[in-house]
Amino acid sequence: MARTNDEVARLLNELAVLTEIDESSPQAFRVRAYQNAARAVAGLSRDVAQMSASELADVRGLGKSTATKIREYVDTGTIGKLEQLRDKHPVGKRDLLKIPGLGPKGVELLSSELGVTDLDGLKAALADGRIAALPGMGEKTADNLREAVERSGLSSKEQRVPLVDALPIAERIVARLREVPGVVDAAYAGSARRYRDDVGDLDVLVASDDPDPVTEAFVSLPDVARTVGSGGTKTSIATHDGLGVDLRVVPPASFGAALVYFTGSKAHNIRLRQRALKRGWTLNEYALAELVDPPDDADAEAADEPAPAARTGDVVAAATEEDIYAALGLAWVPPELREDDGEVELAETGDLPDLVTREAIRGDLHDHTDLSGDGKDPLEAMVEGAVERGLDYLAITDHAEDLRINGVSKAAMLDQRRQLRDLEQRRGDITLLHGAELNIDIDGSLDYDAEFLATFDWLVASVHSHFRRPVAEQTARVVAAIRHPSVTAIGHLSGRMMGKRPGIELDIEQVLDAAAETGTAIEVNSNLRRKDATAEVIREGVRRGVTFVISTDAHSVRELDLVRHGVHHARRGGLTHERCANTWSTERFLAWRDDVRTAKR
DNA sequence: GCCGTTTTCGGCCCGACTGTTTTCAGTCG
């Protein structure tokens with residue numbers, strides 16, 4: 001949480017990159033140690049600036065050496081070792097490392113053989129044929145590098161695409177590959193399945209004993225701009241948007257193992273494999289299986305060839321994820337939690353959180369009708385849609401008057417309220433709350449007057465403008481809305497739009513503490529472009545006892561289905577049923593709302 | 001650099017694909 005931690009994590013990652021260049025090997029154990037340390041610091045709830053060297057060294061993933069470096073940074077503002085590596089390896093080398101196809105060995109080769117230490121140098125060496133003449137390189141390698149440099153410049157290794165843009169592609173590809181004869185199952189995995197905010201690429205997994213027609217169908221998809229590589233079971237393509245998609249075809253009996261493997265995260269997988277090794281097993285994308293010791297020296301000599309490092313024996317588990325986790329003595333870990341930030345330990349002791357599920361959602365508390373300008377469907381249709389989806393309660397929250405483009409006057413609001421009460425009475429199959437989405441102005445003030453606001457059943461207050469103001473101003477603005485006696489929830493907390501604009505800057509501790517103190521709910525907005533509040537904020541809010549609601553912010557009947565995204569996102573933040581008010585029964589929900597308002601007034 | 005139901009040294013996750021190699025190194029995920 002604390003800023004120092006993010007800063008230190010960034011420096012440790014830089015140390016990892018520089019060490020990778022320095023030791024010319026991605027395997028260099030120091031590199032991984034620094035990466036682990038960076039993640040450990042980023043995930044720490046305590047502020048490293050407040051911790052002693054010995055306290056730091058006690059943190060899992062940090063040792064004496066890194067603890068000393070962190071103290072050095074906190075005390076002096078610099079890390080000697082880092083400065084030294086920065087001097088030794090100019091920024092240009094780090095840029096070279098970002099080029100797809102160039103790893104630490106390649107970068108070192110360029111530097112030592114040709115004196116090439118930056119992108120311009122590489123371009124020149126490519127142009128005059130010096131690259132192709134290098135030992136271990138050739139014309140083909142030079143061509144690939146030339147293409148990589150031209151196409152994506154520096155960024156493609158780290159260019160990430162918002163989930164909202166990538167997920168539809170993933171779902172389309174999976175649907176198409178499911179139709180291929182011989183395909184038993186298909187799914188997307190990777191960071192998309194973990195529901196990260198953005199993805200580096202897509203991982204698609206197919207279960208089939210006949211890979212060739214799957215590969216054929218995959219490279220023939222209309223999305224495919226070019227095939228990056230293709231072997232017997234693994235194929236990589238790039239879409240016209242420049243998104244990379246990896247396909248793996250595995251035997252149906254291995255589908256569970258492959259799902260675990262390709263869902264990741266990498267760090268989570270490493271923990272699982274270490275666990276497997278301790279039990280005398282090995283875990284790969286095909287199975288959790290017995291580890292067979294390599295033959296002893298005599299046998300190896302007799303065979304007159306080096307012994308393989310390990311061979312696998314009988315399969316312990318492979319078909320489903322549940323089987324594999326169970327064999328490893330773990331509860332099945334929901335994909336959204338597989339980041340190695342404590343979930344393995346919780347799975348071991350059976351203490352994984354009771355994460356919110358789609359089936360548990362009983363109500364939707366942020367919905368628009370065609371009364372406000374940007375809504376598409378009339379009140380009756382929205383209510384019918386909610387009933388069809390099995391909801392017990394629904395809040396209609398059209399934009400209030402302040403949002404000039406599509407806001408609603410007081411009179412129109414009252415008219416809608418009469419319609420809503422009448423509809424509720426006539427139907428008798430759903431509880432309807434009359435609400436509004438208020439605009440939080442830059443000074444924290446809201447639409448209408450306090451007296452009128454007090455007559456609503458449910459009020460969502462959200463930021464819609466003035467995104468670039470100082471953190472103190474934004475925090476005061478939002479906290480004022482949280483403390484307003486009639487406001488029951490804060491909509492899309494940061495106002496971010498993925499791939500378009502960042503959210504407002506908030507002192508999140510202050511905001512969450514105000515929400516916890518007043519009982520005002522924080523919304524988890526289900527729109528994938530928003531995913532707002534962020535997973536990190538949800539996680540911290542759960543820790544501080546904040547109540548959340550998962551809302552669709554639907555502007556049409558169809559958008560009521562967005563709730564599945566909101567649920568996945570909330571799970572990433574560790575949201576439990578207990579802290580998610582719209583999983584509660586109508587009675588419990590209404591009683592809670594009454595309590596909050598009574599306490600605030 | 002970190003870590004320990006094979007504890008203070010000697011390990012450290014696993015495999016596919018590519019391009020350069022005649023059996024493998026480098027890169028990637």
Side-chain angles (χ1 to χ4, degrees), chain A residues 12 15-16 19-20 23-40 56-70 81 97-109 132 134-145 148 156-157 189-191 199-205 211 227-236 244-250 254 257-258 260-289 291 293 305-306 308-312 329 340:
Chain A
L12 289 172
L15 216 34
T19 304
E20 189 179 353
E23 310 213 355
S24 283
S25 167
Q27 307 294 339
F29 300 112
R30 244 183 231 120
V31 175
R32 250 190 53 202
Y34 283 134
Q35 287 168 346
N36 286 339
R39 290 192 327 110
L56 285 167
D58 282 342
V59 174
R60 187 193 168 77
L62 300 183
K64 206 174 156 189
S65 170
T66 307
T68 308
K69 288 185 178 68
I70 294 173
K81 171 93 175 184
L97 194 59
K98 291 176 189 165
I99 295 170
L102 265 190
K105 288 279 204 298
V107 171
E108 180 51 31
L109 189 68
L134 283 174
M137 296 206 175
E139 274 306 333
K140 196 74 205 251
T141 304
D143 282 347
N144 288 344
L145 284 177
S156 89
K157 264 191 201 172
S191 41
V199 305
D201 65 5
L202 291 173
D203 299 286
V204 175
L205 210 53
T227 304
V228 178
S230 185
T233 62
K234 180 180 173 181
T235 299
S236 301
V245 186
D246 293 338
L247 167 74
R248 286 292 292 260
V249 186
V250 298
S254 293
V260 170
Y261 188 94
F262 291 104
T263 297
S265 64
K266 195 172 179 176
H268 178 86
N269 284 352
I270 288 174
R271 292 294 303 279
L272 296 188
R273 289 194 209 111
Q274 287 169 340
R275 229 179 141 79
L277 283 178
K278 277 184 197 153
R279 287 164 167 71
W281 303 330
T282 178
L283 177 62
N284 58 29
E285 59 262 60
Y286 301 110
L288 177 65
L291 186 63
D293 288 333
E305 60 184 27
R311 295 181 302 176
T312 57
D340 188 27

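To find a chain, count down the sequence lines: A is the first, B the second, and so on, and within it residues start at 1.
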P spacing across the pair B:dG1 / B:dT5, given as an integer number of angstrom: 23 Å

Test side chain to side chain contact (heavy atoms under 4.5 Å, CB included) on A:L97 and A:E20; report intermediate values, then the result. CA-CA 10 Å; A:L97 194 59; A:E20 189 179 353; 4.0 Å; yes

Taking only the P atom of each, what is the distance from B:dA25 to B:dT20 in whole angstrom? 16 Å

Categorize A:D246 for me: base, sugar-phosphate, or nothing, with a 4.0 angstrom heavy-atom threshold over every strand shown. sugar-phosphate

Would you say a side-chain N or O of A:T19 is under 4.0 Å from OP1 or OP2 of B:dG1? no

Can you check the distance between B:dC3 and B:dT7, where both ends of the measurement are the C1' atom (answer in whole Å)? 9 Å

Mind running side chain to side chain contact (heavy atoms under 4.5 Å, CB included) on A:Q35 and A:R39 for me, showing each step along the way? CA-CA 6 Å; A:Q35 287 168 346; A:R39 290 192 327 110; 5.9 Å; no

Report the C-alpha separation of A:T141 and A:L134 in whole Å, then their side-chain angles, then the decisive distance to 0.1 Å, and conclude whether the side chain to side chain contact (heavy atoms under 4.5 Å, CB included) test is met. CA-CA 10 Å; A:T141 304; A:L134 283 174; over 6 Å; no

Name the pairing partner of B:dG10, where a pair is Watson-Crick or G-U wobble with both distances under 3.5 Å, or state none. B:dC3

Separation of B:dC2 atom P from A:K64 atom NZ, nearest Å, is 11 Å

Identified side chain to side chain contact (heavy atoms under 4.5 Å, CB included) partner of A:D203 from the options A:T263, A:V245, A:D246: A:D246

Measuring only the P atom in each nucleotide, how far is B:dC2 from B:dT6? A whole number of Å is fine. 23 Å

Counting the atoms with a prime plus P, OP1 and OP2 as sugar-phosphate, which does A:Y261 contact under 4.0 Å by heavy atoms, base, sugar-phosphate, or nothing? base

Base, sugar-phosphate, or nothing: which does A:G264 touch, judged by heavy atoms less than 4.0 Å apart? nothing

Is it the case that the side chain of A:S254 and the backbone of A:Y286 share a donor-acceptor pair, with hydrogens and angles ignored and the cut-off at 3.5 Å? yes

Rounding to a whole Å, what distance do you find between A:K98:NZ and B:dT27:C1'? 18 Å

Euclidean distance, A:R32 CZ relative to A:I270 CD1, rounded to 0.5 Å: 4.5 Å

Could you tell me the separation between the OG1 atom of A:T66 and the NZ atom of A:K81, rounded to the nearest 0.5 Å? 10.5 Å

Pairwise C1' distance for B:dG26 and B:dT21, with rounding to whole Å: 12 Å

For the pair made of CD in A:Q274 and P in B:dG11, what is the distance, rounded to whole Å? 16 Å

When the C1' atoms of B:dT18 and B:dT23 are compared, how many Å lie between them, rounded to an integer? 15 Å

Under 4.0 Å, counting only non-hydrogen atoms across every strand here, what does A:R248 touch: a base, just sugar-phosphate, or nothing? sugar-phosphate

Should B:dT5 be called syn or anti, with syn set as within 90° of 0? anti

Please classify the nucleic acid contact of A:L283 as base, sugar-phosphate, or nothing, using heavy-atom distances under 4.0 Å. sugar-phosphate

Test side chain to side chain contact (heavy atoms under 4.5 Å, CB included) on A:L272 and A:H268 and set out the steps. CA-CA 6 Å; A:L272 296 188; A:H268 178 86; 3.8 Å; yes

Could you tell me whether the side chains of A:S65 and A:K69 share a donor-acceptor contact shorter than 3.5 Å? yes

Nearest-0.5 Å distance, CG of residue A:D58 to NZ of residue A:K64: 12.5 Å

Whole-Å distance, A:L56 CG to B:dG1 P, equals 16 Å

Whole angstrom value for the distance that separates P of B:dC12 from CD of A:Q35: 18 Å

Between B:dG11 and B:dA16, how far apart are the C1' atoms? Round to whole Å, please. 25 Å

Which part of the nucleic acid, if any, lies within contact of A:K81, taking any heavy atom under 4.0 Å across all strands shown: a base, the sugar-phosphate backbone alone, or nothing? nothing

Could you please name the option among B:dG4, B:dG1, B:dG29 that lies closest to any side-chain atom of A:R60? B:dG4

Does a side-chain N or O of A:T282 approach OP1 or OP2 of B:dC14 to a distance below 4.0 Å, or not? yes

B:dC14 phosphate, OP1 or OP2, under 4.0 Å from A:K266 side-chain N/O: no

Take the protein atom NE2 of A:H268 and the nucleotide atom P of B:dC14, then report the distance between them rounded to whole Å. 15 Å

Taking the minimum atom-to-atom distance to the side chain of A:F29, which one of B:dG1, B:dG26, B:dG15 wins? B:dG1

Testing B:dC17, B:dG1, B:dG29 for proximity to the side chain of A:D201, the answer is B:dG29

Toward the 5' end of DNA chain B, by each residue's nearest nucleotide, A:F262 or A:A67: A:A67

I need the CZ-C1' distance between A:R275 and B:dT5, as an integer number of Å. 12 Å

Quickly work out the A:L12 CG to B:dC2 P distance and round it to whole Å. 10 Å

Measure from the side-chain N and O atoms of A:K234 to the backbone N and O of A:R248, and report whether any donor-acceptor pair falls under 3.5 Å. no

Of all the choices, B:dC2, B:dG29, B:dC28, which nucleotide is nearest to the side chain of A:P100 once you look at every atom? B:dC28

Taking the nucleotide of DNA chain B with the closest heavy atom to each, which residue, A:V59 or A:K234, is nearer the 5' end? A:V59

Ignoring the backbone of A:R32, work out which of B:dC12, B:dT27, B:dA16 is nearest its side chain. B:dC12

With 3.5 Å as the limit, what N/O pairs link the protein to nucleotides 6-10 of chain B?
none

Non-hydrogen atoms of A:A57 and A:A67 that approach each other most closely: N-CB, 3.8 Å

Using a cut-off of under 3.5 Å, enumerate the N/O to N/O pairs linking the protein to nucleotides 18-21 of chain B.
from	atom 1	to	atom 2	distance (Å)
B:dT18	OP1	A:S230	N	2.9
B:dG19	OP1	A:N144	ND2	3.1
B:dG19	O3'	A:T141	OG1	3.0
B:dT20	OP1	A:G138	N	2.7
B:dT20	OP1	A:G138	O	3.4
B:dT20	OP1	A:T141	N	3.3
B:dT20	OP1	A:T141	OG1	2.9

Using a heavy-atom cut-off of under 4.0 Å over every strand shown, decide if A:G232 touches base, sugar-phosphate, or nothing. sugar-phosphate

